[in-house]
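By convention here, the first residue in the shown sequence is residue 1. Predicted model, so just to flag it, every value in this text is computed and none were measured. Start at 1 and go down the list; that is how both ligands and their atoms are numbered. Hydrogens, waters and symmetry mates play no part in the numbers below; they use all other heavy atoms, side chains included.
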Amino acid sequence: MIRKFDVVIVGGSFAGLACARTAALRGLKVAVIDAKAEPGARVCTTGIIVKEACDDFDLPATLMRKVRGVRLYAPDDRALDLHAPGYFFQSTDTPGLMRWLAGEAERAGAELLYGRSYEGALEHERGVALPSLGLHAGFLVGADGARSRVAEHFGLGRNRRFLAGLEIECEPLEIDGRFLHCFADSKIAPGYIAWAVPGVGLTQIGVAARRPAKPDLGGLLRRLKAICDVREIRVVSRRSGLIPTGGVVGPLGGRRVMLIGDAAGTVSPVTGGGIHTALRFGRRAAQLISDYLRDRGPQPASVFAREVPRFRMKLAMRTLLDLAPPNVLINAALMTRPMRSLAQRLYFHSRGGDPAAFEAWKQAFERDELESPALPSTKLHLV
Ligand SMILES: Cc1cc2nc3c(=O)[nH]c(=O)nc-3n(C[C@H](O)[C@H](O)[C@H](O)COP(=O)(O)OP(=O)(O)OC[C@H]3O[C@@H](n4cnc5c(N)ncnc54)[C@H](O)[C@@H]3O)c2cc1C
């Protein structure tokens, strides 16, 4: 028997679940299929969430940990501390967050079919048939990640440039929990950085490199010796995956199908961050599909293509980063004023704000007293 849905979403991760929740809340009959056995299984991401995502979406604080600063290390171990008034990142219990997002989508009315793989579909006048799954969709959404099978089958745009990322989760290490510790080092992370993140109940240590270069996790562990004791690392789990860095793909969809999240390439080509855009444009896609199916609205993919970020500057920066400047150059440049300002903008989208407020913030940050709300107000300059 064929089961009929208004929307079938391939991929039950950040983009797919955000899309499913909104589509179901708008009254559409929604199914999500995912090859994983259950939500939260085989997580492939570090899972850091930027403040803007926490402003746009109400995510549970119990599954996150605020980290307010970035300590950026040069290859020679000198470090630059960056932070901005009022800003933070959140490291996450990513499997827990994924289960929570799945629960929210289900509570809204979406049906979640884990342990089911997409293998192909046939588009026709009134929808899309998925014979191997016994499903029919009025609209099909490809939220199936960097190497989207949906994109491949429908001849849609494909990601072509990637970073390869590798991470271990281990029992908490003694690192300064105020910071994301980031290592600029072209030997161990050509084209990107390596990191040590104070996570939720564990420490995450990872590295990524532009393909085809390989990230050097052993090299990172050797460097970590400078900031903590790594002799007794107890690894709890591992994560790895591809990060698309070529910008938004095209075409993004057709009459009855569209791509979202990493499948669509909505990832910052510089930072590799894609969770905020996956959530944001996953939800937006659901609104457009609902308008299309219910209210004769415009083709979702064509509106979507106009709204998603172009990343023009970031793509130009990616081309420079892919050249992996030699470590001697990074050592010479990283502590200079222009590089500091560039790093501040990349991590915090901020030029620093009102100097008096920044000074008060800096003192509170250095004393680790930031839970106190009694700081003078300041203005963040968004770029
Ligand atoms: C190592 C690493 C670290 C990262 N760190 C961060 C970070 O700290 N912060 C940040 O913002 N971004 C980070 N990113 C990027 C971020 O993880 C992605 O942008 C985000 O996960 C995209 O979500 P998505 O829902 O589009 O796709 P994904 O999270 O990739 O999910 C795709 C889903 O589709 C399913 N699927 C795939 N193929 C099929 C199929 N044929 N049939 C059924 N199901 C299928 C998969 O099982 C998966 O659940 C990182 C990426 C990597 C690889």
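- Among all protein heavy atoms, the one lying closest to atom 30 (O) of ligand 1 is G145 CA, 3.7 Å.
- Summary of contacts: the protein heavy atom closest to atom 21 (O) of ligand 1 is F14 CD1, 3.5 Å.
- Electrostatic pairing of E125 and R255 counts as a salt bridge here, judged by a charged N lying under 4.0 Å from a carboxylate O.
- For ligand 1 and G272, the ligand atoms under 4.0 Å from any heavy atom of the residue are 12 (N), 13 (C), 14 (N), 15 (C).
- With respect to atom 35 (C) of ligand 1, the closest heavy atom belonging to the protein is D34 OD2, 3.3 Å.
- Protein heavy atom nearest atom 42 (N) of ligand 1, with residue, atom name and distance: Y118 N, 2.8 Å.
- The pair D34-K36 does not meet the salt-bridge criterion, since no charged nitrogen lies less than 4.0 angstrom from a carboxylate oxygen.
- Looking at R3 and E111, a side-chain N of the basic residue comes within less than 4.0 Å of a carboxylate O on the acidic one, giving a salt bridge.
- Within ligand 1, counting atoms from 1 as listed, the ones closer than 4.0 Å to a heavy atom of A143 are 32 (C), 33 (C), 34 (O).
- Residue contacts with ligand 1 leave out E119, since none of its heavy atoms falls under 4.0 Å from the ligand.
- Using a 4.0 Å cut-off between heavy atoms, R116 contacts ligand 1 through its backbone alone, with no side-chain atom that close.
- The nearest protein atom to atom 12 (N) of ligand 1, hydrogens excluded, is given as G274 N, 3.1 Å; this is a heavy-atom distance.
- Rounding to the nearest 0.5 Å places CG of L279 at 9.0 Å from CG of D56.
- Atoms of ligand 1 lying under 4.0 Å from at least one heavy atom of I48, given by number and element, are 7 (C), 8 (O), 9 (N), 10 (C), 11 (O).
- Any N or O atom pair closer than 3.5 Å counts here, and C44 shares no such pair with ligand 1.
- Ring pair F89/F348: centre-to-centre distance below 6.0 Å.
- Every N/O-N/O distance between S117 and ligand 1 stays at or above 3.5 Å.
- Atoms of ligand 1 lying under 4.0 Å from any heavy atom of A15, numbered from 1 in the order shown and given with element: 25 (O), 26 (O).
- Residue contact annotation: R239 has no non-hydrogen atom under 4.0 Å from ligand 1.
- In this pair, H153 and Y118 present their aromatic rings tilted. The plane angle is within the 30 to 60° band.
- Looking only at protein heavy atoms, the nearest one to atom 44 (N) of ligand 1 is A35 N, 3.1 Å.
- D144 and V150 make their closest contact through OD2-N, 3.1 Å (heavy atoms, listed as atom of the first residue, atom of the second, distance).
- For K36, the heavy-atom gap to ligand 1 drops under 4.0 angstrom.
- In summary, the atoms of ligand 1 found under 4.0 Å from a heavy atom of D262, numbered by their order in the structure, are 18 (C), 19 (O), 20 (C), 22 (C), 26 (O).
- Salt-bridge annotation for D81 and R178: absent, with no side-chain N of the basic residue lying under 4.0 Å from a carboxylate O of the acidic one.
- The shortest N or O to N or O distance between L166 and ligand 1 is not under 3.5 Å.
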